[in-house]
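To start, the structure itself, in structure tokens.
Just follow the structure's listing: the first ligand is 1, and inside any ligand the first atom is 1. We number each residue from 1, following the sequence as shown.
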Amino acid sequence: MNYIEDNPNACLTDGMHLLVDALKMNGVDTIFGVVGIPVTDLARHAQEVGIRYIGFRHEQSAGHAAAISGYLTQKPGICLTVSAPGFLNGLTALAEATVNGFPMIQISGSSDRNIIDLQQGDYEGLDQMNIAKPFVKAAYRINRPQDIAVGLARAIRAALSGRPGGVYLDITTAMLSTTMDVNEASATLFAPVEPAPVQLPSSTSVKRALKLLSNAAKPLVIIGKGAAYAHAEGVLKEFIEKTGIPFLPMSMAKGVLPDDHPQCAAAARSLVLGQADVVMLVGARLNWLLNHGKGKKWNSNAKFIQLDISAEEMDSNRPIDAPIVGDIVSSLDMLLCKMEPFNIKCGDAWMKSIQAVKQVNAEKMQQKLTTPTVPMNYFNALHVVSEVLQDYKDIYLVNEGANALDNTRNIVNMYNPRLRLDTGTWGVMGIGMGYSIGAAVTGGKQVLAIEGDSAFGFSGMEIETICRYRLPITILILNNGGIYRGDEKSHGTNGDPAPTMLMPEARYDRMIEAFGGKAYHVTTPEGLDDALSCALASKYPTLINCVIDPSVGLESGHIGNLNPHSSIK
Ligand code: ADP
Ligand code: TPW
Ligand code: MG
């Protein structure tokens, strides 16, 4: 119990109650976390005042849920953790949110500053704020209840403005229980005005870019997850269709414009990267995912236009000929507005050569998808998935693994923005269940998570969370019995399995049965079709253990080029 509840007539409040009031006033409707000293009552009180609290089994998954909810809503997702180990468990997700550009705030209880600063050894004691700093966009500590509103406003602004990212908010145990006059306390509360301000580009930068585009013979637009985050789909569609320029979506930008759009060049990726003479990046960084804009995959004479909210992103990897610094929607609006005199129209020859390659590649892919094999492989299994999903074009698709990731990205089309949620900028495992839960809770739509068997293991215990909250999540494990593949022979002499090996016979389906979820174990395309169709129709927590050939995966999936020392080719 706290002071106010013990003393109903008191005119005092405390830090814990005031923090919940401040969260509520700022529109926070969900908190993801794991409780314990000193934040349990905070979660209880949040629930009391109508904020949804989703309790996880591990803070990393709670953090991922908060991060993806930030991405989907353009409001910072909130993750609540206990001190030291709980804080550190959540920090991975917070760092990842920062790398991905997702707005998130991790609020963590922390122990007594006097003990921490003299390193005298406290229960779960750690100098959390200093540890968080290198991994986040900003870190703040609130030491006094009267600073709560300002502290939260600073955290919200840092998470949302410019390139979004992760913010650490340190809440000391002492602050949570410090009392303050109720009226004075409530007078401190406020919500920041326009925390993600519109940022107009300069008209000079826009005209420079239009001039470059007007001279292009082979223009290309690359759409990144920044455009998805910015909800730029409407204005982007107008720009793409008015100019006739082909586009290439980055992984999480699939669906910003539909994959079956005639101007989508995804199935002719090598051609367009290798030949485009003017490339316009819309919310996509020239990082490893685009080979840093250099090297043999790119036309070395290509000129670059880049639309980004972050000025320092320009020239990060190669010179940008026409930087447009501003928010994406305003920048595209201005491009459209000033376009007319430049007469930008993509030539037929370029589009025709892309169509020809698309056609050849589509036929090759169709051949792979429809060739039956025993056991199944990624292609014929994912063919079933993409057919079933024709009836479910508006659900979230969470995706992680190596081959399970790359093949799903290539085979399963997306038709709507912000539905494909995957390993993102770091290409990291462990997002699966956290993203699934965050998306289901925040977005209110059902989820299909397509997981490698290794990838699933990083957050698998959260199936209890999925069942406890009865979330409409179907987990499909493409089980090849290992990391990349499941047939590697041991390199040792003592009988230990090879480093990439997991158990091919593992019955992941039985795990969810323990929590009352529905389970399928499938070994044929027909079995997968039935199981997936039933699972999606039921919207019930379901896990499908789909056994595929252990020998079909590529080492490191499609990024074997980043693994030059591997002994397995
Ligand atoms: P991808 O992985 O899809 O290529 P990245 O995460 O690398 O995408 O790049 C996204 C870019 O979008 C980041 O550089 C970020 O600064 C930018 N960005 C995010 N939101 C906005 C916005 N509202 N307006 C402009 N740029 C944005
Ligand atoms: C946090 C390294 C990259 S991909 C992968 C690992 C462990 C798993 C691939 O096996 P999976 O998929 O999921 O069974 P498939 O279809 O290829 O067999 N730790 C972290 N992140 C990464 N990326 C790794 C390790 C890795
Ligand atoms: Mg595997």
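Residue, atom and distance of the protein heavy atom nearest to atom 10 (C) of ligand 1 are G283 O, 3.0 Å. In this structure, the protein non-hydrogen atom closest to atom 19 (C) of ligand 1 is G226 CA, 3.8 Å. Closest to atom 5 (P) of ligand 1 among all protein heavy atoms lies R285 NE, 3.4 Å. The shortest contact between atom 14 (O) of ligand 2 and any protein heavy atom is with D453 OD1, 2.6 Å. For atom 14 (O) of ligand 1, the closest non-hydrogen atom of the protein is D308 OD2, 2.5 Å. With respect to atom 24 (N) of ligand 1, the closest heavy atom belonging to the protein is I328 N, 2.9 Å. Nearest to atom 27 (C) of ligand 1 among the protein's heavy atoms is I309 CG2, 3.8 Å. In terms of protein heavy-atom proximity, atom 2 (O) of ligand 1 is nearest to K225 NZ, 2.8 Å. Among all non-hydrogen protein atoms, the one lying nearest atom 23 (N) of ligand 1 is A230 CB, 3.5 Å.
In terms of N/O distances under 3.5 Å, ligand 2 is approached by G482. Geometrically, ligand 2 and R485 share no nitrogen or oxygen pair separated by less than 3.5 Å. In terms of polar-atom proximity, I483 is not counted as a contact of ligand 2, lacking any N or O under 3.5 Å from an N or O of the ligand.
No side-chain donor-acceptor contact under 3.5 Å links E96 to the backbone of T425. Using a distance-only test at 3.5 Å, with no hydrogens or angles considered, a donor-acceptor pair links the side chain of S386 to the main chain of H383. Proximity of a side-chain donor or acceptor of D277 to a complementary backbone N or O of K303 within less than 3.5 Å is not detected. Put simply, the side chain of K338 never gets that close to the backbone of S203: no donor and acceptor are under 3.5 Å apart. Checking side-chain atoms of N377 against main-chain N and O of F379 turns up a donor-acceptor pair under 3.5 Å. Of the possible donor and acceptor atoms, one in the side chain of R418 sits under 3.5 Å from a partner among the backbone N and O of A228. D308 places no side-chain N or O within donor-acceptor distance of the main-chain N or O of R163, the cut-off being under 3.5 Å.
Coordination check, N480 versus the Mg ion (ligand 3): passed, since an N/O/S atom of the residue sits under 2.8 Å. With 2.8 Å as the limit, A402 does not count as an N, O or S neighbour of the Mg ion (ligand 3).
Here CD1 of I411 is found 9.0 Å from CG of N380. Values are rounded to the nearest 0.5 Å.
Ligand 2 has no atom lying under 4.0 Å from any heavy atom of L478. Proximity of W426 to ligand 2 is not established, as no heavy-atom distance is less than 4.0 Å. Residue contact check for ligand 2: F458 places a non-hydrogen atom closer than 4.0 Å to it. Note on ligand 1: G424 sits outside its first shell, no heavy atom being nearer than 4.0 Å. Note on ligand 2: G427 sits in its first shell, one or more heavy atoms being nearer than 4.0 Å.
In terms of distance to the Mg ion (ligand 3), the nearest N, O or S atom of D453 is named OD1.
Annotation for ligand 1: atoms under 4.0 Å from non-hydrogen atoms of R163 are 13 (C), 14 (O), 15 (C), 16 (O). Those atoms of ligand 2 with a heavy atom of N403 less than 4.0 angstrom away are 15 (P), 16 (O), 17 (O). Of all atoms in ligand 1, listed by their number and element, those nearer than 4.0 Å to a heavy atom of Y229 are 20 (N). Below 4.0 Å from some heavy atom of G224 lie the following atoms of ligand 1, by number and element: 3 (O). Applying the 4.0 Å criterion to heavy atoms of A402 picks out, from ligand 2, the atoms 4 (S), 9 (C), 12 (O), 15 (P), 17 (O). Residue-ligand proximity, N287 to ligand 1, at heavy-atom distances under 4.0 Å covers atoms 7 (O). Counting the atoms of ligand 1 from 1 in the order shown, those under 4.0 Å from a heavy atom of G326 are 24 (N), 25 (C).
When the shell of 6.0 Å around CZ of R510 is examined, it contains 12 or fewer heavy atoms from other residues, nucleotides or ligands. Within 6.0 Å of NZ in K393 there are more than 12 heavy atoms belonging to other residues, nucleotides or ligands.
The option with the heavy atom closest to atom 22 (C) of ligand 2, from among E451, E555, M429, E400, is M429. With distances taken over non-hydrogen atoms, the option nearest atom 13 (O) of ligand 2 out of G481, G486, A455, G430 is A455.
You'll find the side chain of I222 reaches within 4.5 Å of the side chain of L273, heavy atoms only. Proximity of V221 to F239: side-chain heavy atoms (C-beta onward) are separated by under 4.5 Å at one or more points. Side-chain contact between V34 and N89: absent, with no pair of heavy atoms (C-beta onward) separated by less than 4.5 Å. Contact check for E400 versus F456: no side-chain heavy atoms found under the 4.5 Å cut-off.
Only the side chain of M250 comes within contact range of ligand 1, with a heavy atom under 4.0 Å; no backbone atom does. Neither the backbone nor the side chain of F456 has a heavy atom within less than 4.0 Å of ligand 2. With a 4.0 Å heavy-atom cut-off, ligand 2 is reached by the side chain of N480 but not by its N, CA, C or O.
Under the 4.0 angstrom criterion, atom 1 (C) of ligand 2 counts as having a protein heavy-atom contact.
With no hydrogens or angles considered, no side-chain donor-acceptor pair links Q60 and S459 at under 3.5 Å. Looking at N480 and Y378, their side chains do bring a donor and an acceptor atom within 3.5 Å of each other.
Ring pair Y435/F102 is tilted by interplanar angle, where 30° to 60° counts as tilted.
Residues Y168 and F135 place their aromatic rings such that the two centres sit no closer than 6.0 Å.
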